[in-house]
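Notes for the one structure printed next.
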Amino acid sequence: MKEKEGNMELARKDIKMTQGLAILTMVSLHLFCRLGTDVYGTPLLWLNSTTPAVYILGWLSEICIPLYSICSGYAHYKLGESGGLSKKRICNRIIKFLINFWIVCILFAVIGVVAGTDQRVPGSWKEFFGNMFFISTSYNGAWWYVDTYLILVMLSPILYKITKKVNSIGMFLFVSGFYLIKYVLNHFGYGLSSENQISDWMIMQYNNLTGSVLTCYIFGMLCAKMQLFTKVKESSFIQKGKNPVVLLVMLTISIITYCLQKALIMPFYGLAVFVLFNLWEKGK
């Protein structure tokens with residue numbers, strides 16, 4: 001994923017840096033998005049008796065999955081343009097990902113045996129292989145995203161073709177509308193449910209994909225398709241005093257998002273952070 005001459009789109013290093021930001025927000029979410037007796041340590045500043053000031057950062061860090069999904073969508077669209085979404089390359093990418101994941105999973109089990117502080121890790125052989133093959137997330141709750149991400153990778157050639165052919169604004173409105181409708185239905189208890197383990201897994205994947213993950217993935221693809229960064233960087237508005245403008249917009253959007261405190265808007269906040277972070281002029 002390289003920049004062509006005269007093209008001011010994101011390079012591989014930009015996407016990697018943004019994915020790093022997404023991972024940092026995940027850490028921040030789990031550390032700081034806590035209230036009352038669940039707060040870690042002894043924060044110096046408190047908004048009230050149960051809310052430390054750092055909770056603001058923790059709550060805004062809920063963009064971790066949306067932000068990572070946007071990065072994936074952007075990168076996969078660029079790969080599609082260069083023929084990088086062939087079946088062979090996708091299979092190689094999945095195998096490489098699985099090997100890295102299994103190494104991490106084995107390390108979790110080994111550390112669990114050595115430390116001996118939590119019986120869930122490594123637990124029984126059934127528990128171990130359940131984590132290895134995505135049936136269970138008892139080792140790390142954040143691993144729910146692993147199989148969802150692999151499904152996205154497998155669907156990427158189809159999603160690339162659809163995004164390439166369909167009108168960009170129409171696509172944005174469709175996925176946003178679908179996400180909002182599904183969110184409202186789930187909020188009022190109209191989501192799918194099952195008592196069968198296999199169908200439970202399928203429903204979970206459906207909910208994960210049709211929630212913010214797929215929506216944000218398509219957002220990323222649309223950014224690449226529309227060459228958003230080239231268009232924005234060429235505008236005279238952003239060229240003059242770029243960093244102060246970006247910082248002001250970022251702070252304003254973050255304050256509004258926190259004041260609203262609605263998980264519903266996190267995919268759109270994640271999109272804003274993705275764009276603004278990559279417009280920020282970073283030192284070499």
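Residue numbers start at 1 and run along the sequence shown. Scope of the values below: all heavy atoms of this structure, side chains included, with no hydrogens, waters or symmetry mates.
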Stepwise side-chain hydrogen bond (donor to acceptor under 3.5 Å, both in side chains) test for Tyr77 and Ser156: CA-CA 8 Å; Tyr77 191 91; Ser156 57; over 6 Å; no
Check: Tyr258 ring centre within less than 6.0 Å of Tyr269 ring centre: no
Leu79 and Arg93, any side-chain heavy atoms less than 4.5 Å apart: yes
Non-hydrogen atoms of Ala11 and Asp14 that approach each other most closely: N-OD2, 2.8 Å
Shortest non-hydrogen contact between Leu29 and Glu62, atoms and distance: CD1-CG, 3.5 Å
Full working for side-chain contact (heavy atoms from CB on, under 4.5 Å) between Cys223 and Leu271: CA-CA 9 Å; Cys223 286; Leu271 178 60; 3.8 Å; yes
Whether over 12 other heavy atoms sit under 6.0 Å from Ile169 CD1: no
Asn278 vs Met17 side-chain heavy atoms within contact, under 4.5 Å: no
Ile70 with Met26, same ILVMFWY side-chain cluster at under 4.5 Å: no
Spacing of Lys233 atom NZ and Gln227 atom CD [to the nearest 0.5 Å]: 11.5 Å
Trace of the side-chain contact (heavy atoms from CB on, under 4.5 Å) decision for Leu276 with Ile253: CA-CA 11 Å; Leu276 293 169; Ile253 293 176; 4.1 Å; yes
Nearest-0.5 Å distance, CD of residue Gln19 to SG of residue Cys64: 13.5 Å
Side chain to side chain, Tyr179 and Pro267, heavy atoms closer than 4.5 Å: yes
Min side-chain heavy-atom separation Leu279-Val245 under 4.5 Å: no
Transitive ILVMFWY side-chain link Leu173 to Leu222, under 4.5 Å: yes
Residues, nucleotides or ligands: over 12 heavy atoms within 6.0 Å of Leu251 CG: yes
CE-OG distance between Met221 and Ser69, expressed to the nearest 0.5 angstrom: 12.0 Å
Single-linkage hydrophobic cluster, 4.5 Å side-chain cutoff, Phe274 and Leu247 together: yes
Cluster check Leu214, Leu264: I/L/V/M/F/W/Y, side chain < 4.5 angstrom: yes
Side chain to side chain contact (heavy atoms under 4.5 Å, CB included) involving Ser176 - partner list, sequence neighbours excluded: Phe172, Phe219, Phe268
Distance, nearest 0.5 Å, that separates CD1 of Ile90 from CG of Leu155: 9.5 Å
side-chain hydrogen bond (donor to acceptor under 3.5 Å, both in side chains) between Thr25 and Tyr68, intermediate numbers included: CA-CA 10 Å; Thr25 58; Tyr68 198 93; over 6 Å; no
Verdict with reasoning, Tyr145 to Val213, per side-chain contact (heavy atoms from CB on, under 4.5 Å): CA-CA 9 Å; Tyr145 185 67; Val213 173; 4.0 Å; yes
Heavy-atom donor-acceptor pair, Tyr55 side chain to Trp46 backbone, under 3.5 Å: no
Reported CD1-to-SG distance for the pair Ile56 and Cys33, which is rounded to 0.5 angstrom: 11.5 Å
Residue pair Val246, Phe277: steps toward the side-chain contact (heavy atoms from CB on, under 4.5 Å) verdict: CA-CA 8 Å; Val246 170; Phe277 178 75; over 6 Å; no
Flag, side chain of Thr163 to backbone of Tyr160, donor-acceptor distance under 3.5 Å: no
Considering only distance and modelled atom types, tabulate donor-acceptor pairs under 3.5 Å from the side chains of residues 99-106, sequence neighbours left out.
unit_1	atom_1	unit_2	atom_2	d
Asn100	ND2	Lys96	O	3.3
Trp102	NE1	Met132	O	2.9

Ring pair (Phe, Tyr, Trp, His ring centres under 6.0 Å) pairs, two or more places apart, involving residues 81-100: Phe97-Tyr149
N/O donor-acceptor pair under 3.5 Å between Thr252 side chain and Leu248 backbone: yes
Side-chain heavy-atom pair Leu98, Leu150 within 4.5 angstrom cut-off: yes
In one Ile/Leu/Val/Met/Phe/Trp/Tyr side-chain cluster, 4.5 Å: Phe32, Met266: no
Side-chain heavy atoms of Lys78 within contact of Glu9, under 4.5 Å: yes
Flag side-chain contact, heavy atom, 4.5 Å: Leu21 against Val273: yes
Taking every non-hydrogen atom, the tightest pair across Leu67 and Gly270: CD1-O, 3.9 Å
Spacing of NZ belonging to Lys164 relative to CD belonging to Glu81, to within rounding of 0.5 Å: 7.0 Å
pair Ser72-Leu152: side-chain heavy atoms closer than 4.5 Å: no
Parallel, tilted or perpendicular: ring planes of Phe133 versus Phe129, cut at 30 and 60 degrees: parallel
